[in-house]
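Taking it in order: structure first as structure tokens, then the write-up.
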Amino acid sequence: MTARPVRVRFAPSPTGPLHIGGVRTALYNYFFARQHGGQLIFRIEDTDSTRFVPGAEEYIIEAFRWLGIEFDEGVSFGGDKGPYRQSERREIYKRYVDRLLAEGKAYIAFDTPEQLNAQREAVANFQYDATTRMTMTNSLTLSPEEVERRIAEGQQYVVRFKIEPGEEVHIDDLIRGDVVINSSVLDDKVLYKSADQLPTYHLANIVDDHLMEISHVIRGEEWLPSAPLHVLLYRAFGWVDTMPRFAHLPLLLKPTGNGKLSKRDGDKLGFPVFPLEWHAPDGTVSSGYRESGYLPEAVVNFLALLGWNPGDDTELMSMDELIAKFDLAKCSKAGAKFDYVKGWWFNREYLLAAPAARLAPAFLSILAAQGIDTTADRAAAVIEMMKTKNVEYVDAQSGQTRKRSVSFVADLWPLCDFCFIAPTAFDREDKFVKKNWKEDSAAQLTEVVHRLEALTDFSADAQKAAVDPWCEASGAKPWNAWRVALVGTGKGPDMYELSAFLGKDETLRRLRFAIDTLG
RNA sequence: GGUCCCUUCGUCUAUCGGUUAGGACGAGAGAUUUUCAUUCUCUAAAGAGGAGUUCGACUCUCCUAGGGACUACCA
């Protein structure tokens with residue numbers, strides 16, 4: 001193979017928020033580009049003017065910024081092979097369409113969508129191809145004068161690619177190997193629409209990839225069926241020497257049931273399918289990974305392993321490691337069911353590894369929503385104390401309440417309210433209170449209060465040094481009653497740790513209150 | 001319907017002709033524990049089916065079944 005500089009592209013259509021499957025495709029392109037010291041180009045494929053959604057382009061750019069996927073060229077990133085927005089490349093496409101027309105490799109067709117639909121209803125498996133095109137209304141069946149007259153008259157037309165039947169078209173796919181399709185099963189694809197003076201995806205794609213010197217096309221498997229058409233287009237233009245290599249990635253499938261992952265699955269099972277929260281023009285809001293409390297590294301790591309693996313048992317990898325290890329040859333061929341529960345696990349791993357100070361801002365805003373006003377340091381301290389706990393959740397599939405380890409900053413709040421709110425009453429029927437507040441509890445805690453009062457250093461270690469010897473000597477085990485006093489029930493961190501966090505005044509206040517109230 | 005792609009534990013996957021088929025998530029059990037956890041240990045769990053090729057197939061070929069994608073003047 002020719003050792004061309006690696007240039008890959010991610011080319012979304014700005015029709016809405018970026019789907020998580022698209023994020024993975026972009027990610028693989030990014031790994032590939034970085035690993036080979038190449039460039040990643042960001043192209044906007046907005047050739048369907050009717051599906052344009054305002055804000056989508058900005059959303060996509062913001063999503064990649066959050067995820068840490070960096071582009072070298074393209075819309076909003078500069079570069080000398082622009083414009084990178086297809087709607088701004090009309091003249092370029094027109095030139096190439098005319099060339100195909102002049103060389104007899106494409107033709108003009110006047111059949112209206114209505115006529116075509118009627119045809120499809122009338123004839124089973126109707127296809128606009130070599131077997132039918134001579135019966136249709138096009139420049140192959142009409143005289144040149146008639147064609148010209150119709151165009152002059154302003155009649156709308158499309159340009160169709162004239163596919164020669166009976167030819168074996170090979171796609172040398174980097175993931176799937178040799179894929180062969182007979183050109184007879186292909187239809188004469190529309191390449192250009194006179195209505196909006198724009199090409200369709202297929203033409204624009206080939207022209208742009210060629211002009212932008214793309215070396216590898218790494219895209220979703222949904223494009224595999226049209227890959228032969230693309231190969232034929234490269235041939236028609238005489239660009240086979242520089243035709244990019246193809247790699248068709250397996251699809252992301254629904255976690256349950258069959259089919260491609262869709263937004264509805266996320267809504268139903270409670271996980272995001274978009275990187276960022278999306279506010280649609282119609283007012284509906286779709287959740288995003290960022291707003292749901294995922295760390296970008298976790299999303300990247302999780303996604304990277306859905307359809308690819310490093311060949312060993314390594315699962316936790318940074319962006320740099322992923323770039324170093326990524327290999328198209330190690331991509332799997334079969335679609336991957338989207339295991340969002342494993343996504344929780346990835347997030348947990350990164351949450352545990354993240355310094356509490358980084359997590360504090362997010363926690364602070366959750367606390368603020370609960371009416372708690374505190375400092376970043378205190379928020380960070382609570383995160384440290386509570387992040388190895390677990391939280392209850394309702395499994396969307398079974399409807400059962402289960403427990404799982406803290407995976408998100410938002411999981412913390414229901415576990416740590418007592419850090420900020422002192423018990424004002426005690427529930428004697430609470431199982432933990434009932435079991436652990438005994439007749440001698442008040443007396444034991446009085447001794448604890450006595451010992452803590454003397455401390456100037458209120459660190460967990462200092463408390464331990466002041467209380468443990470007495471416990472050992474007397475056989476007293478005051479900790480659960482202590483927990484009742486500080487927390488109100490059977491949850492929370494180690495008592496010395498919690499007391500140190502609350503501080504001497506608050507700790508003693510809560511202990512005395514419990515002694516007075518529960519007796 | 002047609003074309004193409006795919007098929008190892010429930011899920012993501014390792015294995016690139018010779019393994020007790022490995023790991024992770026999830027599940028279960030136990031140990032540890034000042035509550036709940038964490039942590040640690042262990043267990044269950046897979047080559048879709050059938051023909052070949054081969055001394056030997058999860059691995060190669062074919063068939064069947066199942067799943068998926070595509071089949072627009074959408075990408």
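Just so it is clear: chains get the letters A, B, ... in the order the sequence lines come, proteins before strands, and each one is counted from 1. In this text, all values refer to a predicted model and were calculated from it rather than measured experimentally.
In terms of the side-chain contact (heavy atoms from CB on, under 4.5 Å) criterion, residue partners of A:Y393 (sequence neighbours excluded) are, by chain and number, A:W344, A:D395, A:R402, A:R404. Every residue two or more places apart in sequence or in another chain that forms a salt bridge (Lys or Arg N to Asp or Glu O under 4.0 Å) with A:E384 is listed here: A:K387. Considering only residues two or more places apart in sequence or on other chains, A:N125 meets the side-chain contact (heavy atoms from CB on, under 4.5 Å) condition with none of them. Under the rule for a side-chain hydrogen bond (donor to acceptor under 3.5 Å, both in side chains), A:T388 has no partner lying at least two apart in sequence or in another chain. A:F363 pairs by the ring-ring contact (aromatic ring centres under 6.0 Å, His included) definition with nothing, not counting sequence neighbours. Taking A:F302 as the reference, A:F338, A:F346 meet the ring-ring contact (aromatic ring centres under 6.0 Å, His included) condition, with sequence neighbours excluded. Partners of A:H19 by ring-ring contact (aromatic ring centres under 6.0 Å, His included), not counting sequence neighbours: none found.
Look at the C1' atom in both B:rA57 and B:rG2: the space between them is 34 Å, to the nearest Å. Remark: the separation of the C1' atoms in B:rC36 and B:rA44 is 27 Å, to the nearest Å. Rounded to the nearest Å, the gap between the P atom of B:rA45 and that of B:rC9 is 14 Å. Separation of the C1' atoms belonging to B:rU15 and B:rU8 is 9 Å when rounded to the nearest angstrom. Atom name C1', nucleotides B:rU71 and B:rA27: the rounded distance is 42 Å, in whole Å. Going from the P atom of B:rG47 to that of B:rG22 covers 13 Å, rounded to whole Å. Using atom C1' as the reference point in both B:rC12 and B:rA46, the two lie 13 Å apart (nearest Å). Nucleotides B:rC6 and B:rU59, compared at atom P, are 15 Å apart to the nearest Å.
Nucleotide B:rU20 forms a pair with no other nucleotide shown, judged by Watson-Crick or G-U wobble geometry with both contacts under 3.5 Å. Remark: B:rU15 base-pairs with no nucleotide; criterion is Watson-Crick or G-U wobble with both hydrogen-bond distances under 3.5 Å. Of the nucleotides present, B:rA31 is the one that pairs with B:rU39 by Watson-Crick or G-U wobble criteria, both distances under 3.5 Å. The base-pairing partner of B:rC70, taking Watson-Crick or G-U wobble contacts with both distances under 3.5 Å, is B:rG2. Applying the Watson-Crick and G-U wobble criteria (two distances, each under 3.5 Å), B:rG10 pairs with B:rC25. Remark: B:rC62 base-pairs with B:rG50. Criterion, Watson-Crick or G-U wobble with two distances under 3.5 Å.
If you take CZ of A:F338 and C1' of B:rG10, they are 17 Å apart, rounded to a whole angstrom. Atom CG of A:L306 is separated from atom P of B:rU13 by 6 Å (rounded to the nearest Å). The separation between A:L351 atom CG and B:rU38 atom C1' is 14 Å, rounded to whole Å. In this entry the distance linking NZ of A:K330 with C1' of B:rU15 reads 11 Å, nearest Å. Atom CE of A:M317 is separated from atom C1' of B:rG23 by 12 Å (rounded to the nearest Å). One interatomic measurement links the two molecules: NE2 of A:H248 to P of B:rC5, which rounds to 12 Å at whole-angstrom precision. Nucleotide B:rU13 holds its P atom 12 Å from the NZ atom of A:K333, rounded to whole Å. Across the protein-nucleic acid pair, A:D129 atom CG and B:rG2 atom C1' stand 12 Å apart, rounded to whole Å.
Under the 6.0 Å distance and 45° angle rule, A:R24 counts as a cation-pi partner of A:Y28.
Residue contacts for A:G311: at a heavy-atom cut-off of 4.0 Å it reaches the sugar-phosphate backbone alone, with no base atom in range. Looking at heavy-atom distances under 4.0 Å, A:R348 makes contact with sugar-phosphate atoms alone, never a base. Contacts of A:V487 with the nucleic acid, taken as non-hydrogen atoms under 4.0 Å apart, are absent.
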> For nucleotides 62-75 of chain B, read 5' to 3', which letter fits each nucleotide if B means a protein heavy atom sits under 4.0 Å from the base, S means only the sugar-phosphate is that close, and - means neither?
Replying inline: -----SSSS--BBB
> For nucleotides 24-37 of chain B, read 5' to 3', which letter fits each nucleotide if B means a protein heavy atom sits under 4.0 Å from the base, S means only the sugar-phosphate is that close, and - means neither?
Replying inline: BSS-------BBBB
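Side-chain atoms of A:S332 come within 3.5 Å of backbone N or O of A:G307 as a donor-acceptor pair.
Remark: aromatic rings of A:Y192 and A:Y93 are distant, center separation not under 6.0 Å. Aromatic rings from A:W308 and A:F326 are positioned such that their centres are separated by under 6.0 Å.
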